[in-house]
Amino acid sequence: MKVLHDVVATPSRCCLRKKNKFDPDTFMARILALLSLLLLSPSALAQVSVDGVRTSSTDNGTRVVFDLSGPVEHRVFSLPDPHRVVVDFENTTVDAAVLEAAEGQGVVRNLRGARRDRRDYRVVLDLQSQADVKSFLVKPNDSYGHRLVVDLGGNSRGESPAEPVRTASERNRRELVIAIDAGHGGRDPGAIGPGGTFEKDVVLEVARRLADLVDREPGMRPVLIRDGDYFLELRERTRRAREQQADMFISLHADANPRRNVQGASVYTLSNQGATSEAARVLAARENSADLIGGVSLDDKDDLVATVLLDLSRAATVESSVELAQFMLGRLGAVGRVHRNSVEKAGFVVLKSLDMPSVLVELAFISNPDEERRLRDANHQARLAQAIMGGVRDYAEHALLPELRMAAGEQREHVVQRGDTLSGIARRYQVNLSSLRSANNLQGDRIMVGSTLVIP
């Protein structure tokens, strides 16, 4: 704005006629021209950001979804030897950590990218083999914002079906993976009750019982992040969950308070803007300090920067975590007292860097003598595990994405009959029209008689 200041401060240089008389019309015209140049400059234009990348694969091909902050102009094309697909985003920024966190799936071996100039960004998908490519933009819905979808098919002859409908038999069904993280462990005992009970022992017992319940649930598979008495750094816990492609992350703890009369269970989710109460702030500091025992300082600046870069949780994921926590809190309230009637939020490191619904459950206050005794009781441990499992089941039945609900065993199909319309089918099954399109890879409302639609 220094140029503008010069124009205003010294009008005699640009706005005086030959007779040195001030001409207001000329002055305003020059001001407007200057402002237009500033507003049209690339640096002044708001850039779109790629906030996340998701990959998935089925028998029909591979899908790469770019989560965007807004609509974007783009160009997609293929290159051979080696096979790769190039996506050019106009006026877009991409954090390198977003691409590094994206996992190769199906025909996509890995993703990489680089800035082309001050405004544009190029993403390259390195492929295992040749694939047909198509792309389309998707407008925001109840769960996601703007998205660019890139579909990679395995048809090397360039042929494509007349209607992009996935049938249930063609879908890549898999089990829901539930990551169960027993807090603390090894040389980190966690909180210690007045009777000498270690938090690490109690939460491991409940975690094992919960894993048994998940294992018996159709369509679900448990992953115990810690299955013995040993120490794990907080980052290692989230890494193991990602490695197992978990769909849900549950961290188990037992709370403590200097006032021994405080009691009740709590459920926490990640807060990007700080804790919702003083108790949540104190608790977050205590749980996060476990990393100091493993030799990792949470006060180190680089670690904090890494945390921000790796925290790829989208707004939809945060909302999903709250939904899961609400279901779980309701179930825990039927077993015993809850500390608060609402979900708490705090900056737990163990919940960061996860792009899945994630909660931290404080089973009770181990510092309370009565609750300590209950936590040591095998029957009460079983009831706690059943309550948490009930919350998982409630969430899976009511809130999960269509693909994950089908994995959990809920499967509905509709064979298109003459006279059917997509909106009519959505009304018949009481599902959202956009969800019905998304579940069947439909870009419009055209459907073919005889095709089988998946009902989310």
Inset, instruction - Go through the steps to decide whether Leu324 and Met248 satisfy the test side chain to side chain contact (heavy atoms under 4.5 Å, CB included), and finish with yes or no. - result: CA-CA 9 Å; Leu324 172 61; Met248 197 180 301; 3.5 Å; yes
Side chain [X], main chain [Y], donor-acceptor under 3.5 Å:
{"X": "Glu372", "Y": "Gly195", "answer": "yes"}
{"X": "Arg84", "Y": "Pro82", "answer": "yes"}
{"X": "Glu371", "Y": "Phe365", "answer": "yes"}
{"X": "Arg226", "Y": "Leu232", "answer": "no"}
{"X": "Gln244", "Y": "Ala179", "answer": "no"}
{"X": "Arg147", "Y": "Val149", "answer": "no"}
{"X": "Gln381", "Y": "Leu375", "answer": "yes"}

Nearest heavy atoms of [X] and [Y], plus distance in Å:
{"X": "Ser321", "Y": "Ser358", "result": "OG-N, 2.9 Å"}
{"X": "Val48", "Y": "Pro71", "result": "CG2-O, 3.3 Å"}
{"X": "Ala387", "Y": "Val335", "result": "CB-CG2, 3.6 Å"}
{"X": "Ala131", "Y": "Val107", "result": "CB-CG2, 4.3 Å"}
{"X": "Leu422", "Y": "Arg437", "result": "CD2-CG, 3.7 Å"}
{"X": "Val64", "Y": "Thr55", "result": "CG2-CG2, 4.0 Å"}

Distance in Å, [X] [atom1] paired with [Y] [atom2], rounded so as to fall on 0.5 Å steps:
{"X": "Leu436", "Y": "Ser423", "atom1": "CG", "atom2": "OG", "value": "9.5 Å"}
{"X": "Leu329", "Y": "Phe327", "atom1": "CG", "atom2": "CZ", "value": "12.0 Å"}
{"X": "Leu111", "Y": "Arg109", "atom1": "CG", "atom2": "CZ", "value": "11.0 Å"}
{"X": "Ile388", "Y": "Leu213", "atom1": "CD1", "atom2": "CG", "value": "9.5 Å"}
{"X": "Met328", "Y": "Thr269", "atom1": "CE", "atom2": "OG1", "value": "11.5 Å"}
{"X": "Ile425", "Y": "Asn440", "atom1": "CD1", "atom2": "CG", "value": "9.0 Å"}

Inset, instruction - Kindly indicate, with the supporting measurements, whether the criterion side chain to side chain donor-acceptor pair (under 3.5 Å) is fulfilled by His184 and Glu199. - result: CA-CA 8 Å; His184 308 281; Glu199 177 184 359; 3.3 Å; yes
Heavy-atom check, side chain of [X] versus side chain of [Y], under 4.5 Å:
{"X": "Leu442", "Y": "Asp445", "answer": "no"}
{"X": "Val262", "Y": "Asn368", "answer": "no"}
{"X": "Ser49", "Y": "Gln47", "answer": "no"}
{"X": "Val98", "Y": "Asp51", "answer": "no"}
{"X": "Val53", "Y": "Asp67", "answer": "no"}
{"X": "Leu363", "Y": "Val203", "answer": "yes"}
{"X": "Glu217", "Y": "Ile178", "answer": "no"}
{"X": "Val50", "Y": "Thr93", "answer": "no"}

Inset, instruction - List the steps and the verdict of side chain to side chain contact (heavy atoms under 4.5 Å, CB included) for Asp126 and Arg112. - result: CA-CA 8 Å; Asp126 293 314; Arg112 53 191 172 90; 2.8 Å; yes
Legend entry - Positive for side chain to side chain contact (heavy atoms under 4.5 Å, CB included) with Glu362, one of Leu252, Asp255, Val267: Asp255
Legend entry - Full working for side chain to side chain contact (heavy atoms under 4.5 Å, CB included) between Asp151 and Phe136: CA-CA 9 Å; Asp151 280 341; Phe136 55 94; 3.8 Å; yes
Got a salt bridge between [X] and [Y], using NZ or NE/NH1/NH2 to carboxylate O under 4.0 Å?
{"X": "Asp394", "Y": "Arg331", "answer": "yes"}
{"X": "Lys200", "Y": "Asp229", "answer": "yes"}
{"X": "Asp88", "Y": "Arg122", "answer": "yes"}
{"X": "Glu243", "Y": "Arg239", "answer": "yes"}
{"X": "Arg237", "Y": "Asp181", "answer": "yes"}
{"X": "Asp377", "Y": "Arg374", "answer": "no"}

Inset, instruction - Show your working on side chain to side chain donor-acceptor pair (under 3.5 Å) between Gln105 and Thr62 and close with a plain yes or no. - result: CA-CA 7 Å; Gln105 295 273 354; Thr62 302; over 6 Å; no
Legend entry - Under the ring pair (Phe, Tyr, Trp, His ring centres under 6.0 Å) test, residues paired with Tyr121 that sit two or more places apart: none
Legend entry - Residue pair His83 / Ser78, side-chain donor-acceptor N/O under 3.5 Å: no
Inset, instruction - Consider only side-chain N and O atoms of Arg63 and Asn441, and report whether a donor and an acceptor are under 3.5 Å apart. - result: yes
Inset, instruction - Scan residues 205-214 for pairs that pass salt bridge (charged side-chain N to carboxylate O under 4.0 Å, His left out), counting only residues two or more places apart or in two chains. - result: Glu205-Arg208
Inset, instruction - Would you mind listing every salt bridge (charged side-chain N to carboxylate O under 4.0 Å, His left out) that reaches into residues 381-391, with sequence neighbours excluded? - result: none
Legend entry - Intermediate values then yes/no, side chain to side chain contact (heavy atoms under 4.5 Å, CB included), Val202 and Thr197: CA-CA 8 Å; Val202 169; Thr197 306; 3.5 Å; yes
Inset, instruction - Give a yes or no on whether Asn341 atom CG has more than 12 heavy-atom contacts from other residues, nucleotides or ligands under 6.0 Å away. - result: no
Inset, instruction - Flag yes if more than 12 heavy atoms outside Arg115 fall under 6.0 Å of its CZ atom; otherwise flag no. - result: yes
Legend entry - Ring-face cation contact, Phe66 with Arg54, 6.0 Å cut, 45° max: no
Inset, instruction - Decide side chain to side chain donor-acceptor pair (under 3.5 Å) for Ser135 and His74; before the verdict, give the C-alpha distance in whole Å, the side-chain angles of both, and the deciding distance to 0.1 Å. - result: CA-CA 9 Å; Ser135 66; His74 71 285; 3.2 Å; yes
